[in-house]
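Structure, as structure tokens:
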Amino acid sequence: MKNPPQPDKTIDIKKEGVFLDQTLRPAKWNDYIGQQDIKNNLFILLKAAEERSQQPEHILFYGPPGLGKTTLAYLISKETNKQIKITSGPAIEKVGDLASILTNLSPGDILFIDEIHRLNKNIEEILYPAMESSSLDIIIGKGPSARTIQLELPPFTLIAATTRMSMLSSPLRSRFSGGTFRLEFYSDEEIAQIIKRSASILEVDVDEETSLEIAKRSRFTPRTANFLLKRCRDLAQVNKNDLDKETVTKTLEMLGIDTLGLSQLDRQILSTIIDKFKGGPVGLGTIAAALSEESSTLEEVNEPYLIQLGLIERTPRGRMATEKAFKHLKVKFEK
Ligand code: ADE
């Protein structure tokens, strides 16, 4: 009996762009603010491939969420005039899902796999020959009568993103021959520039001082900055006010975000370490259990920012709150 056709678990941006918020994503190198070293490297990599009429090699982006990994993939597709197909590690459940995605690619396409660390190991192995020699090895049958057939794939570029580099196997890591790029947190000034650019697209007036005020509470992260800008715009609109510093203060108060940009969960992490475990060291799993949260959420979403701000430290014996964290929560610091 023939297998039923597999659904293609990718999103075609052209057909379904409306479902992805593309309005604020930059489509030109000059509109992409910050990450200058990565931009310089990518520019050369892509230009050199174009001059040789070759397909650009596979690229891996890693770093905390919201720093623009998907945005870069989208930008690369725009700048190289190539079609991008978007999928993610958890969406690819079976070997057949990935086989179907790969065989449905057109020559020159970019395939973007977000959260690639969540790809199952036996599915991951299909990717190796696909990345190395654009071929797909399919095993037909089981046991002694099983045989492998090889399908040739069109040339394509895989762009993958992960927040958890350490979860990627080394054979997979080594196959990103175009390069592995770590996205860094943005400066307040870069975030303020992103806010001004987004404000002009959204047609709201925001002055220099106000955009810097939003930037300071944005966790050095464009996604958070754009989220806060939109929520401030909502409040200004509903209250028929300007989007000024006062609106920003009110909006952030309503969202439970403090002067350092900490969310309620960030503060709960700090107060758990400080109040329940005398400032640490305490294991991540213990903190997660105390807060009924998943360790991976705390590790991927909250910790990078808390560490960046110097509020917690990772030590071999667990997490520790710093003197700055005690001060921020107004708790007396004792060594
Ligand atoms: N949106 C997300 N990341 C961005 C960046 N680096 N520059 C401009 N807009 C962005």
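Since we're looking at a predicted model, the values are computed, not measured. Note that ligands are numbered from 1 as they come in the structure, with each ligand's atoms numbered from 1 the same way.
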Which pairs of nitrogen or oxygen atoms, taken one from ligand 1 and one from the protein, are under 3.5 angstrom apart?
from	atom 1	to	atom 2	distance (Å)
ligand 1	6 (N)	Ile33	O	2.8
ligand 1	6 (N)	Tyr186	OH	3.1
ligand 1	7 (N)	Ile33	N	2.9

SB check Lys82 Asp109 (cutoff 4.0 Å): no
Ionic contact status for Arg175 with Glu132, cut-off 4.0 Å: yes
Set of ring-ring contact (aromatic ring centres under 6.0 Å, His included) partners for Phe326, sequence neighbours left out: Phe333
Lys/Arg N to Asp/Glu carboxylate O, Glu115 vs Arg164, below 4.0 Å: no
Minimum side-chain heavy-atom gap Phe176-Leu172 below 4.5 Å: yes
Glu184 with Arg182: basic N within carboxylate O range, under 4.0 Å: yes
